[in-house]
2 protein chains.
Amino acid sequence: MQLDDLPTPCLVLDKGKLERNLERMSSAMRRHGVSLRPHLKTAKSADVARLATAGEAGGITVSTLAEAEYFADRGFLDITLAVGITPEKLDRVAELSLRGASMNVITDDVETAGIVGAHPARFKAFIEIDSGGARAGVDPNGDELLQIGRALGDKRAGVLTHAGHSYEGRTVDAIKKVAEQERLSVVTAAERLRAAGISCATVSVGSTPTMSHVERMDGVTEARPGVYMFQDVFQAIIASCTLDDIAVTVLASVIGRRPSKNRFVMDAGALALSKDRSTAATNEDAGYGLVWDIDGKPSFGEISIESVAQEHGVASSAKPLPFDQLHVGTKVRIAPNHACLTAAAHDRYYVVDGSREVIAEWDRVNGW
Amino acid sequence: MQLDDLPTPCLVLDKGKLERNLERMSSAMRRHGVSLRPHLKTAKSADVARLATAGEAGGITVSTLAEAEYFADRGFLDITLAVGITPEKLDRVAELSLRGASMNVITDDVETAGIVGAHPARFKAFIEIDSGGARAGVDPNGDELLQIGRALGDKRAGVLTHAGHSYEGRTVDAIKKVAEQERLSVVTAAERLRAAGISCATVSVGSTPTMSHVERMDGVTEARPGVYMFQDVFQAIIASCTLDDIAVTVLASVIGRRPSKNRFVMDAGALALSKDRSTAATNEDAGYGLVWDIDGKPSFGEISIESVAQEHGVASSAKPLPFDQLHVGTKVRIAPNHACLTAAAHDRYYVVDGSREVIAEWDRVNGW
């Protein structure tokens, strides 16, 4: 099967680019002497997870219980669910433990830590630390850190943070500073716990921007980046990668053209691409994604999708569009702003390796 | 089962509100003497479609081939696929025709119209008209209208438009003007076709804002609104409904709380809610959605979600948040900005009817 034969819109994954992205991160983490526990929230695929964990310790990170169950069913038995747990969700976690999975959850809540600590099942829990992103996590210098550490008791796995604010960095220097802030937050927390006689085995950090540029990782034991596997236009703009590294694109068809208005419409809109506008906050706004040709090359010139409706993506441009190459039915590939959100609307990957030949179909686990 | 027992995040549909929304639109269209061909792109559910077509002619509108196939499998055999068709997609349309479905496609492209006109299968096709939204469709006063009309030959079903720019209206008067522009565009097109000796049986319009306020529908034969079934915060802001009419909400759990920063975090983020920010373009920005209590009431005061990550929604407020009612595990219901996009991440509805009791689970068809 060839890309030309696929129903549109659909998700295309370039295996060669994926493997290069994986190797780059793996070797960086090896250099730093930390374990790589890849975050599968972007890929949500056992096939990708097998490649991403090859040569690593084997542990993975997930963002939903549905992912945890999917990966456990496929032999991944060391799983960190890195979104704050609620007491009610512990039943599904405990069931995975009973089935043989080594499960870790996270919390930044004293009351929840008490419930986790008293739970009869064998899972473990991280104390979530706020490294400056102000999304979740306790202050590494606050009292709650020690309270949660004590409440977790034997279930305490260590400390964990995600420097989500690395996405606000616009220069490599700015991102390096966030990486050091990320490191310091968990190392400080671990040292305070240990000074209080509370053990802290694992010290976990991770975001693709920080792990792409981090200089010091002393005191850190593991990293959990995710989007590095696929990369995307936003990551290219903030220098985590180049546009050529983007492994996942949306294959779409032209469904309408209006040369008089220098505009054409594709069958990939708000659902197939997501409404992520992260690139709008940079100097290189890519609209809702960059439009490349079916071979994934920017042969049409710089075209981005300026507006989307549910199933429509509309491209227009200040420069004349190449309508001689764009007919109804012409297939294009759209590089996404944010690979995690774009991929989430699709139930499978059509895998290629540098050509138009589809060499595999890989499934994905969506939902919760 | 009760809402309290559901895994979060998930989608909750209030049947009573749904039925009231359906009846309001059905009776409005009856008053205007036009057929209602409900657009199922929002609901993507056979159970909802059965209610939405009760007492109507039975035809439905869909936005993807996956929806067309799903609904045909469930006995809906008069289907308009209202997103521009490509030649390659005609095979799946033809297969539905062979299975007994009365299929309509749409196009605004002369070349595609020729291919449609020459196709051996028995489906029909609408000429898509641009009523001012500048997304798709031909100029009702241009030459292409007649060229496409002739090229479609026996397959010509009529003319069709969607006034997507009604979403830009901020007053009922502005939306009434768009409704009249929408009507005039297709009526003009139909009259020009007929004057040229080209028949035009069906004259089709439709968007929820325009159909909520339309005053004249002479010359129009059918309407295709969709989001009116569920409504959402954006539709409430532009006066298609009230906040109390919103039938679909996301049930979520509090997963973290930080009283010192007047902030709490829920397990519904960019995926469970979508990144739709349509309300930001109004005077009543609702962030990524309004946070109500588990009974769907605004008992917490006016709280909206100010930022989202993939699985995190963060609420903060200028006023002190009611942390005495918000603990880790507390369930809330989030009213979405844009019901179509929010629903699309979920594979089912948990149906309630004014209470916390879950009376049914209804499936959805996602993807393409």
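Below, chains carry the letters A, B, ... as their sequence lines are ordered, and counting in each starts from 1. Note that these values count all heavy atoms, side chains included, but never hydrogens, waters or copies made by symmetry.
- When each of Thr330(B), Asp109(B), Ile115(B) is scored by its heavy-atom pairs under 4.5 Å with chain A, the top score falls to Asp109(B).
- The greatest number of non-hydrogen atom pairs below 4.5 Å with chain B, out of Leu341(A), Thr107(A), Val254(A), is found for Leu341(A).
- Nearest heavy-atom pair across Pro225(A) and Thr208(A) is CB-OG1, 3.8 Å.
- Ranked by heavy-atom pairs under 4.5 Å with chain A, the list Cys10(B), Ser63(B), Ser316(B) is led by Ser63(B).
- Residues Tyr70(B) and Asp363(B) approach most closely at OH-OD1, 2.7 Å, considering heavy atoms.
- Contact record, Ala43(B) with Tyr349(B): O-OH, 2.6 Å, taken as the closest heavy-atom pair.
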*Thr61(A) and Leu40(A): CA distance, side-chain angles, deciding distance, side-chain contact (heavy atoms from CB on, under 4.5 Å) verdict*: CA-CA 6 Å; Thr61(A) 312; Leu40(A) 272 308; over 6 Å; no
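- Here the closest non-hydrogen pair linking Ala315(A) and Met266(A) is CB-CE, 3.8 Å.
- At a 4.5 Å heavy-atom cutoff, Arg277(B) makes no contact with chain A through either its backbone or its side chain.
- The number of heavy-atom neighbours closer than 6.0 Å to CG of Asp143(A), taken from other residues, nucleotides and ligands shown, is 12 or below.
- When each of Arg263(A), Glu144(A), His338(A), His327(A) is scored by its heavy-atom pairs under 4.5 Å with chain B, the top score falls to Arg263(A).
- Of the atoms belonging to Ser253(B), it is side-chain heavy atoms, and not backbone ones, that fall under 4.5 Å from chain A.
- For the options His346(B), Lys41(B), Glu88(B), Glu111(B), heavy-atom pairs under 4.5 Å to chain A are most numerous at Lys41(B).
- Both the backbone and the side chain of Val328(A) come within less than 4.5 Å of a heavy atom in chain B.
- For the set Ser274(A), Pro7(A), Gly84(A), the count of heavy-atom pairs under 4.5 angstrom toward chain B peaks at Gly84(A).
- Between chain A and the residues Lys261(B), Arg92(B), Lys89(B), the most heavy-atom pairs under 4.5 angstrom are made by Lys89(B).
- When heavy atoms are compared at a cutoff of 4.5 Å, Asp347(B) does not approach chain A at all.
- Using a 4.5 Å cut-off between heavy atoms, Asn366(B) makes no contact with chain A at all.
- Residue-environment remark: CD (Glu95(B)) stays at or below the threshold of 12 foreign heavy atoms within 6.0 Å.
- For the pair Arg257(B) and Phe323(B), the cation does not sit on the ring face, since its NZ or CZ is not both under 6.0 Å from the ring centre and inside 45° of the axis.
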Side chains of residues 128-138 of chain A: which donor-acceptor pairs under 3.5 Å do they make with residues two or more places apart or in other chains?
| unit_1 | atom_1 | unit_2 | atom_2 | d |
| --- | --- | --- | --- | --- |
| Asp130(A) | OD1 | Gly132(A) | N | 2.8 |
| Asp130(A) | OD1 | Gly133(A) | N | 3.2 |
| Asp130(A) | OD1 | Ala134(A) | N | 3.1 |
| Ser131(A) | OG | Thr161(A) | OG1 | 2.9 |

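- Both the backbone and the side chain of Thr8(B) come within contact range of chain A, judged by heavy atoms closer than 4.5 Å.
- Between chain B and the residues Asp5(A), Val83(A), Thr64(A), Asp267(A), the most heavy-atom pairs under 4.5 angstrom are made by Val83(A).
- Residue Leu65(B): no heavy atom, backbone or side chain, is found under 4.5 Å from chain A.
- For chain A, the nearby part of Asp4(B) is the backbone; its heavy atoms alone come within less than 4.5 Å.
- Under 4.0 Å is where a charged nitrogen must lie from a carboxylate oxygen, and between Lys275(B) and Asp276(A) at least one such pair does.
- Interface residue Glu311(A): backbone and side-chain heavy atoms are both found under 4.5 Å from chain B.
- The residue among Gly269(B), Ala270(B), Gly367(B), Ala272(B) with the most heavy atom pairs within less than 4.5 Å of chain A is Ala272(B).
- Remark: Ser317(A) engages Asn262(A), Lys319(A), Leu321(A) in a side chain to side chain contact (heavy atoms under 4.5 Å, CB included) (not counting sequence neighbours).
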